[in-house]
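Computed from a prediction, not measured in an experiment: that's the story for all the values here.
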Amino acid sequence: MAGIISYGAYIPIYRLNREEIARVWGEVPMRGEKAVANCDEDSLTMGVEAAIDCLGNMERQLIDGLYFASTTPAYREKQSASIIAAALDLRPEIFTADFTDSLRAGTSAIRAALDAVKGGSAKRVMIVVADCRLPAPNSQYEFLFGDGAAAFLIGDSEVSLDIEAAYSVSSEFMDIWKREQDTYLQTWEDRFVLEEGYLKILPQTVSKLMKDYGLAPQDFTKVVFYAPDARRHAQVARRLGFEAKTQVQDSMFAMVGNTGAALAPMMLVAALEEAKSGDRILLASYGDGCDAYIFKVTEQIEKCRGKRGIKHHLESKMMLPSYGKYLQFRNIMEWEPTRLPPQFSSLTEYWHDRKAILALIGNKCEKCGHIQIDFPVQRVCSWCQAKDEFEPVRLSGKKGELLTFSMDERAQALDLPSIMCVVDLEGGGRILTQMTDRDLQKVNAGMPVELTFRNMHEGMGFHNYFWKARPIRC
């Protein structure tokens, strides 16, 4: 039996009130807010967060593959899945792949993982889905688009969600598209795009799947499906005969926004947080066709409790103070050139210290037990001077305590002041790094913090990822 073993999700801490967008452009105010990735976040870093939530304390060496799905990968030409696998400290002898260029990339990756598990080429495959789409200013998408990620572990044992059936259709319909030279998405007239595309393809796919397996709307406990906005989400639910209040999973448009390829997977995570053994769940994702699945919840679902998932990330948030701060985070405008020298990075050093940088692997001295994090990685213990007597230890999952910090108002950073901090990690080890996702009024020595994978800067034309500290998100 192949299915979903575990799940996880991530929502950025920042939110932008839609009334603030309307105020800037003189539009009619829209209710709610949308999730906005921090200036040091992208689809890759959000994917790492969701994957960590999914994995929990599982043995990472048992993972055989990692598929990353996104319409907004970190690179045009460079695999993101391999970077995520390195950040998660997965073994190198795994298969990695990127699924992109379609809103149903996430559910397509699930299908590929299921085929791999059923075919015997893998036992466990991690699926990571994330999107951080850039909407054009003063467009309908600026109100709608939000950022987020979801992750699933597919396997053939200890399955929490058995996949009973799957059905897919492909369509060349031009709905939303983006060419290589385009900064923003393009589309056609709304009525045509919706009536000939979404409002036909998704309902027809779901109806065909239910008919083939002799199921009716009342046979499902929860129904999860993609929609471009809240109005069409409700419209399709009525058309298919599902009860809005009891069966249809909340689309999160009012709280998070349309997270693109990650929307349906994130809604599935939200549904699983409340699911019970025996529940039957329908999932459908739209884009260049449609993928539809029928799931059956097993007793193993109880082992997945306690994750941050959707619920806890929704409860942990900070509001962006202004639309101007949002523009800074998205780097939409042309800004005054900085007077500071350009940031420099050495690709050779980055490669040499990749285990310490990406997976935050420290060295534990086998003689005195002290843990050190050094760049470049040193061979001699700083405490007892033992040479080449180290045991590698992964520190990225450790929480810690803020020992001391400094605030720099003139640093080369989008989110000023830049906070440099020294963190003592639980179990040993001390790290010097930046602090992110912080409320300046609450930063103080002794506060508990955790580590998060972020983009430090763009030195020498590539993303320099590393681990920052942040206040623990409850």
Side-chain angles (χ1 to χ4, degrees), residues 8-16 33-54 68-75 78 80-81 83-84 86-88 98 100 128-135 142 145-151 252 255-263 265-266 308-310 312-314 316-321 325-332 343 357-358 360 396 411-416 418-419 433-439 449-459 462-473:
Y10 175 73
I11 302 172
I13 197 168
Y14 283 113
R15 309 286 194 274
L16 179 62
E33 58 200 34
K34 69 173 190 173
V36 177
N38 203 333
C39 57
D40 56 3
E41 293 186 291
D42 57 22
S43 60
L44 191 152
T45 65
M46 292 192 299
V48 170
E49 291 273 1
I52 290 173
D53 190 41
C54 177
F68 177 63
S70 176
T71 66
T72 55
Y75 289 98
K78 169 74 179 84
S80 295
I83 301 175
I84 295 175
L88 296 176
D98 285 355
T100 187
V128 180
V129 194
D131 247 342
C132 186
R133 295 189 290 174
L134 181 66
E142 189 172 44
F145 285 0
D147 306 323
M252 300 187 292
M255 302 166 286
V256 178
N258 185 333
T259 55
L263 179 58
M266 289 174 68
R308 289 184 176 177
I310 297 296
H312 292 294
H313 279 116
L314 284 176
S316 172
K317 66 178 182 179
M318 293 193 298
M319 302 303 297
L320 282 176
K325 179 63 75 172
Y326 166 75
L327 289 181
Q328 277 189 312
F329 279 13
R330 282 293 184 265
N331 195 27
I332 292 176
Q343 294 172 323
I357 293 172
L358 295 177
L360 199 62
S396 59
Q412 189 174 349
L414 286 176
D415 193 15
L416 293 172
S418 175
I419 300 180
T433 187
Q434 297 178 9
M435 179 174 282
T436 188
D437 291 359
R438 69 284 191 275
D439 183 340
V449 296
E450 60 189 1
L451 299 176
T452 177
F453 194 67
R454 297 298 172 95
N455 188 358
M456 300 292 284
H457 60 84
E458 301 293 320
F462 67 93
H463 302 304
N464 289 256
Y465 294 108
F466 187 58
W467 297 84
K468 293 185 180 182
R470 71 173 174 209
I472 294 176
R473 291 185 68 173

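Atom CD1 of I52 sits about 10.5 Å away from atom CD1 of I84, to the nearest 0.5 Å. Note that the CG atom of L88 and the OG atom of S396 stand 8.0 Å from one another [nearest 0.5 Å]. Separation of atoms CG (L16) and CZ (F145) is listed at 14.5 Å; rounding is to 0.5 Å.
Salt-bridge formation is not detected for the pair R330/E41: no Lys NZ or Arg NE/NH1/NH2 atom is positioned less than 4.0 Å from an Asp or Glu carboxylate oxygen.
Between R133 and D147, the shortest heavy-atom distance links the atoms N-OD1, 3.9 Å. In terms of heavy-atom proximity, P12 sits nearest to A35 at CD-CB, 4.2 Å. Closest heavy-atom contact between C132 and M46: CB-CE, 3.9 Å. In terms of heavy-atom proximity, Y326 sits nearest to P135 at OH-CG, 3.5 Å. Residue Y10 comes nearest to A50 through the heavy atom pair CB-N, 3.9 Å, listed as atom of the first residue, atom of the second, then distance. Smallest separation of non-hydrogen atoms from A130 and T72: O-OG1, 4.4 Å.
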Legend entry - Worked check of salt bridge (Lys or Arg N to Asp or Glu O under 4.0 Å) between K325 and D415: CA-CA 8 Å; K325 179 63 75 172; D415 193 15; 3.7 Å; yes
Inset, instruction - Apply the test side-chain contact (heavy atoms from CB on, under 4.5 Å) to residues M318 and R438: give CA-CA distance (whole Å), side-chain angles for both, the deciding distance (0.1 Å), then the verdict. - result: CA-CA 9 Å; M318 293 193 298; R438 69 284 191 275; 5.8 Å; no
Legend entry - Intermediate values then yes/no, side-chain contact (heavy atoms from CB on, under 4.5 Å), V48 and T452: CA-CA 9 Å; V48 170; T452 177; over 6 Å; no
Legend entry - Verdict with reasoning, Y14 to K34, per side chain to side chain donor-acceptor pair (under 3.5 Å): CA-CA 8 Å; Y14 283 113; K34 69 173 190 173; over 6 Å; no
Legend entry - Worked check of side-chain contact (heavy atoms from CB on, under 4.5 Å) between L320 and R15: CA-CA 6 Å; L320 282 176; R15 309 286 194 274; over 6 Å; no
Inset, instruction - Take S316 and I13 through the test side-chain contact (heavy atoms from CB on, under 4.5 Å) and record every step on the way to the result. - result: CA-CA 6 Å; S316 172; I13 197 168; 4.0 Å; yes
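Evaluation of the side-chain contact (heavy atoms from CB on, under 4.5 Å) rule for L416 yields E409, A411, A413 as partners, not counting sequence neighbours. Scored by the side-chain contact (heavy atoms from CB on, under 4.5 Å) test, N331 finds W335 as partners (sequence neighbours excluded). By the salt bridge (Lys or Arg N to Asp or Glu O under 4.0 Å) test, R473 pairs with no residue at all, sequence neighbours left out. Under the side-chain contact (heavy atoms from CB on, under 4.5 Å) criterion, D53 pairs with K307, R308, not counting sequence neighbours. Judged as a salt bridge (Lys or Arg N to Asp or Glu O under 4.0 Å), and not counting sequence neighbours, D42 has no contacts. With sequence neighbours excluded, the residues that form a ring-ring contact (aromatic ring centres under 6.0 Å, His included) with Y465 are F453, H463. Not counting sequence neighbours, F68 has no partner by the ring-ring contact (aromatic ring centres under 6.0 Å, His included) test. Among residues two or more places apart in sequence or in another chain, the salt bridge (Lys or Arg N to Asp or Glu O under 4.0 Å) test is passed with K78 by none. A search for side chain to side chain donor-acceptor pair (under 3.5 Å) contacts involving D437 returns N38, R454, not counting sequence neighbours. The salt bridge (Lys or Arg N to Asp or Glu O under 4.0 Å) check on E142 picks up nothing, with sequence neighbours excluded. With sequence neighbours excluded, the residues that form a side-chain contact (heavy atoms from CB on, under 4.5 Å) with T433 are C421, I431, F466, K468, A469. Residues that satisfy the side chain to side chain donor-acceptor pair (under 3.5 Å) test with S418, not counting sequence neighbours, are absent from this structure.
At distances below 3.5 Å, at least one donor-acceptor pair connects side-chain atoms of D98 with backbone N or O atoms of A81. A donor-acceptor pair is defined here as one N or O able to donate and one able to accept, closer than 3.5 Å; no such pair exists between the side chain of D40 and the backbone of M456.
Inter-residue side-chain proximity for M435 and R470 is flagged as unmet; no heavy-atom pair is nearer than 4.5 Å.
With I11 as reference, H313 is the one residue of H312, M255, H313 to meet the side-chain contact (heavy atoms from CB on, under 4.5 Å) rule.
For the residue pair D131 and S43, no side-chain donor N or O sits within less than 3.5 Å of a side-chain acceptor on the partner.
The aromatic ring centres of F462 and Y75 sit 6.0 Å or more apart.
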